Structures are given as structure tokens and as C-alpha cells.
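Here is the structure we will look at.
All figures in this text were calculated on a predicted structure; none of them were measured in a lab.
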Amino acid sequence: MKDRWIVRAKRLAMLAMMVVPLRFCMAQNNEKTMDSLKAICRGAKADTARIDASLGLAYIYIWENADSGLYFSAMADSLSRKIKDEKRSILSLIRSSSNLLAKGIDSAGLQALTQARERAERMKDDALISTVLANLGSSYANFDQYEMAVPLIKQSLAMDLRGRDTAAIFVNLDNLGMVYLAMGELDSALSYANRAYEICIKRTWTVDMMGGLLRTLGRIQHKMGDRDIAMAYYRRSLPYSVGYRDWSDLHGASLFMGELFEEMGQRDSAQHYFRLSHAYAENDSRNKSERLAACQALSRIFRGVNSDSTVKYLELVVALKDSLNSDDREKAINNSIYMERKRDEAAAAALVKAEEMRRRNIRLLFITVFIITLFLLLMLLAGMKAHPKLVRFSGVLALLLAFEFITLLVHPLISVWTHEDPVWMLLILVGLAAILVPLHHRVESWMVHRLSRPHVQMRKDQDVPPSGSSSD
């Protein structure tokens, strides 16, 4: 049976993004919290309050209803873009990825996290980058890609240590302990889990996670062969998990205690804890893998002792395996449908962008033709008996249009080169102005002089008296 550490690792990584009071409130009463957050979404005047409430709902719905989680993630992202709050927009993308992963749309979930990482790195926000890295690492660990998960979580931990973010440090230490346990590297697992435990016993806000951490420490000691210490950790974890009604932790601790008693030859105690494990798993009907693990353990412990119970649990094992296979197929279909819809949306967006680009190019071409035509008209005006002020005004206008057109062409390139960094954009635009403004004045003086010369010469010719004339 595969240990269920990594599922908790993902949960803990996402907890790093929640404020502590909201996390405690959700642990005690999800429905009350959801009603309060929905009321904020409907009635709050401040966009930031509505965004934070939407992010909280998107978090809760990761395990309740991933479709609703995606809806509130999209709402938070839309509001964030409206007020140009990049940080909250990135958090919305992280929430969206968590709900996509919960739905089994793995490729889209990882893609969303990768996009969030790129945007966070452009913002140069270490806390946000660390959050994305922790989620990426936990997600890869869920797919058993530990060689990719460990460096990401360690990088996140290093950033949290520099920023002295105790909550995030605890999460990453606990995650690393569970990942190394899944990899079979027990010494590393014990080291990181003990460091997490040292934080946990000093901080009251970690009490809801103590049950899972003690279970992890018990599992490590169990695999290292120290049964007495392992049993002590398992027993200590139960009251914490019961207090927060954490059925997953209770299932895991009871299951591992049953395995420990089974190894010690105490079949009655093993049966008792396997039954408890099954009962706890039944409290969360969505988590079929936990029910499967409990049924497999019960079918094994009753084999040769009680044939009816053995058959009963074997039938449940078969039914649960069929159901899980059906769920996997459904997730694969959902993943294909989602990715196809995303490809269609991307193709439609590309067509819209291409149309906008075509219209922009047409406008730029029109401006270019207009400026060239204006210069040609100026050349014609220079040779005609047009008013000098009109010639001078037209020349200045043509030059202003030409130089502003150059700025219009260069500005998008500057945005791409600098990734819209305001400092670099300001420096480049100031440098460009330092070149264009003096150049504009020089060209303006030359052009006005050039266009006005025929009129000046004409006036001089008019002022010169005809040759051979004499005054009386």
C-alpha cells in the first residue's frame, strides 16, 4: 500500500497561502465560514475584500467542489485584473491550479502553476515565489516525481528562511519530511520532521497540524524498526486529529497502528484499529483510496479466521478498485475535454489578437502615408505663393507627427524589452527624449528655414527696385 503522505503535503503547501484566523475557522466550521465569505463576495464594496473572500472560498472548495473552486478562482482573478493587483491575480492562478489538480486535470494544473511562477518571478516577490515553488513541489510529489519535487521545496524553504516566515518554514519542513519518507530516505525524513516538530510545539497556530506531524514521525520510526516510539507517536496523534475532525489523519494513524499490531502478532488489536480506520475513511466518502486501504487490511487480517468477513471486504476491495478505475477514466476524459476547450480558446484568442494586430498595422500604415503626403504637400507649398505662417505651421505639425510616430513605434518594443518594469521604462524613455527633443528642434529650424527661403527671397525681390530707374 502506498503511504498517503503526499496528499497531505499538497494540503499543507496550500495552507501557507491562508491567513491563520481563516484557517482555524475553516477547521472548526466550514459551512459557517463559507456563508460568511459568500456574504462578503455579495455585499462588500471594496474589491480587495471581495477578492480575498473569493480566494478563501476557492481554497475551501478544493476538497468540497473543485468546479465551484474554479468559479471563485476566476472571480478573484477578474477582480484582481480590474484593479491591477498582480499579487492577488497570481494567488488566484494558484487557487485555480489547486482546483484543477483536485479535478484530476493535472497538465492544466501544472501549467497554471508554471505561469504563476513566471509572473511571481517578474514581480520579484520572494514570498509569492516561495508559495508557488512549494505548491509545484508538492504537486510533483503527488505524481511520484520526487527528483523534481525536492529541489523546488528546498528552494522554497531557503527563501522562507531568509524571510523568516515561520508558517511557511513549518510547511516546507513537514513537506520534506513526508516526501523523504515516501522516497525511503528515513534519516532525512526524520531530520526535517523533527525540525517541523520543534516549530509545532512552540506555535499555537500549528496545533491543527500536530496530529498529522505526529503520525508522520510515528511512520518514520515504524519503518526504522522502533515500534515502541512509533506506537507512542501514533497514540499521541489521535487526540489532535479527533479534536479537528481530520478523518484522513485519523484513518492513517489507525491503519498504521493496526499494521504495527499485526507485525507484533496481536491480531485482535490489529482488527480493532483496522475497523477504526475503515470507519474514519467512511466519514469522507469521496476519498475512496483510504477506504480501499482499510478494506485491504481487513480482508488480510480476517483471512483464515472469518471467511464471511474476508469475502465481504474482498468484495468491497473489488468494488472500490472498479470505482477508482472508473474515476481515473472520467478524470482522463475531463482532462481531454478541458485541454481541448483550452486549445479552442487559445486559437480563438490568437485570431482576435491577429485581427487586432492587423487593424493596428492598417492604422500605422495610414499614419505613415498621411505623414509622407503631408511632407509632399509641404514641398509643393514651398514653391507656391502660400502664406509663410501657414508653411511654418505645417512644417512644425509634420515634424511633431513624425517624431510622435517614432515614439509610438518604439514604445511596445521597450515594454517587451523591460517586461514593463517602470524603472527601466522610465530610463529608456528619458534617454529617447534626450535624443529626440534636440533633434526635433534642429530639424524644425532647418525645415522652417528651408520652406521659408523661397518666400523670403520673393519678398527681397519685391523690395529691390528695377534696374535703370532713378529717383527725382
Side-chain angles (χ1 to χ4, degrees), residues 5-20 23 55 59 86-95 97-98 101 109-203 205-206 208-210 212-213 216-217 219-220 419 421:
W5 305 116
I6 311 306
V7 172
R8 179 174 167 79
K10 183 168 71 175
R11 289 184 60 186
L12 286 175
M14 289 182 286
L15 281 173
M17 298 180 290
M18 299 302 300
V19 293
V20 173
R23 181 174 67 234
L55 288 172
Y59 169 79
E86 179 67 3
K87 184 171 183 177
R88 283 182 168 86
S89 178
I90 294 172
L91 286 173
S92 304
L93 190 57
I94 297 172
R95 288 285 190 273
S97 72
S98 300
L101 290 168
L110 289 174
Q111 184 180 10
L113 281 175
T114 303
Q115 292 174 1
R117 179 182 182 180
E118 293 170 355
R119 290 170 61 184
E121 288 174 346
R122 284 200 297 269
M123 277 191 68
K124 298 180 181 179
D125 186 321
D126 285 351
L128 198 55
I129 294 170
S130 173
T131 298
V132 178
L133 291 173
N135 277 266
L136 261 176
S138 297
S139 299
Y140 280 121
N142 270 282
F143 306 137
D144 298 336
Q145 298 181 24
Y146 305 121
E147 69 285 350
M148 298 183 69
V150 170
L152 289 168
I153 301 175
K154 283 187 173 180
Q155 188 179 348
S156 174
L157 176 61
M159 298 179 77
D160 294 333
L161 287 168
R162 288 198 299 270
R164 298 184 179 181
D165 188 339
T166 307
I169 291 169
F170 168 78
V171 168
N172 279 314
L173 289 171
D174 196 11
N175 284 348
L176 284 169
M178 290 184 283
V179 172
Y180 275 118
L181 173 58
M183 294 170 66
E185 298 184 21
L186 301 179
D187 290 334
S188 296
L190 185 60
S191 172
Y192 284 110
N194 278 329
R195 288 171 64 185
Y197 181 71
E198 290 173 5
I199 295 175
C200 202
I201 59 177
K202 296 176 183 177
R203 299 288 190 274
W205 48 259
T206 59
D208 61 328
M209 303 180 194
M210 180 65 88
L213 179 57
T216 301
L217 285 164
R219 189 60 171 169
I220 294 170
H419 300 293
D421 185 289

Quiz prompt | side chain to side chain contact (heavy atoms under 4.5 Å, CB included) assessment of Leu173 paired with Ile199 | solution = CA-CA 10 Å; Leu173 289 171; Ile199 295 175; 3.8 Å; yes
Self-check item: Salt bridge flag under 4.0 Å for residues Glu121 and Arg117
Solution: yes
Exercise. Decide yes or no on side chain to side chain contact (heavy atoms under 4.5 Å, CB included) for Ser89 and Arg119, but give the supporting numbers first.
Key: CA-CA 10 Å; Ser89 178; Arg119 290 170 61 184; 2.7 Å; yes
Quiz item: In this structure, which one of Asn175, Thr216, Leu157 forms a side chain to side chain contact (heavy atoms under 4.5 Å, CB included) with Tyr192?
Solution: Leu157
Quiz item: Taking Ile153 as the fixed residue, which of Asn135, Val179, Leu133, Val171 is the one that meets the side chain to side chain contact (heavy atoms under 4.5 Å, CB included) rule?
Solution: Val179
How many angstroms lie between atom [atom1] of [X] and atom [atom2] of [Y], to the nearest 0.5 angstrom?
X      : Y      : atom1 : atom2 : result
Arg88  : Leu128 : CZ    : CG    : 11.5 Å
Glu147 : Met183 : CD    : CE    : 8.0 Å
Ile220 : Met178 : CD1   : CE    : 9.5 Å
Lys154 : Leu161 : NZ    : CG    : 12.5 Å
Cys200 : Leu213 : SG    : CG    : 5.5 Å

Contact between [X] and [Y] at the side-chain level, heavy atoms closer than 4.5 Å - yes or no?
X      : Y      : value
Tyr59  : Leu91  : no
Asp165 : Met159 : no
Glu86  : Asp125 : no
Met209 : Phe170 : yes
Asp160 : Thr166 : no

Quiz item: Are the side chain of Ser191 and the backbone N or O of Ser188 linked by a donor-acceptor pair below 3.5 Å?
Solution: no
Practice problem: Could you tell me whether the side chain of Ser130 and the main chain of Asp126 form a donor-acceptor pair under 3.5 Å? | Solution: no
Quiz item: Do Asp144 and Tyr146 have a side chain donor and acceptor closer than 3.5 Å?
Solution: yes
Where [X] and [Y] come nearest, the two heavy atoms and their spacing:
X      : Y      : result
Ile90  : Ala120 : CD1-N, 3.7 Å
Val132 : Leu113 : CG1-O, 3.5 Å
Ala149 : Gly137 : CB-O, 3.1 Å
Ala112 : Ser97  : CB-CB, 3.7 Å
Ala116 : Leu93  : N-CD2, 3.5 Å

Quiz prompt | Audit row: Tyr180, Asp187, side chain to side chain contact (heavy atoms under 4.5 Å, CB included) steps and yes/no | solution = CA-CA 9 Å; Tyr180 275 118; Asp187 290 334; over 6 Å; no
Quiz item: Can Leu110 and Leu136 be said to form a side chain to side chain contact (heavy atoms under 4.5 Å, CB included), step by step?
Solution: CA-CA 7 Å; Leu110 289 174; Leu136 261 176; 4.2 Å; yes
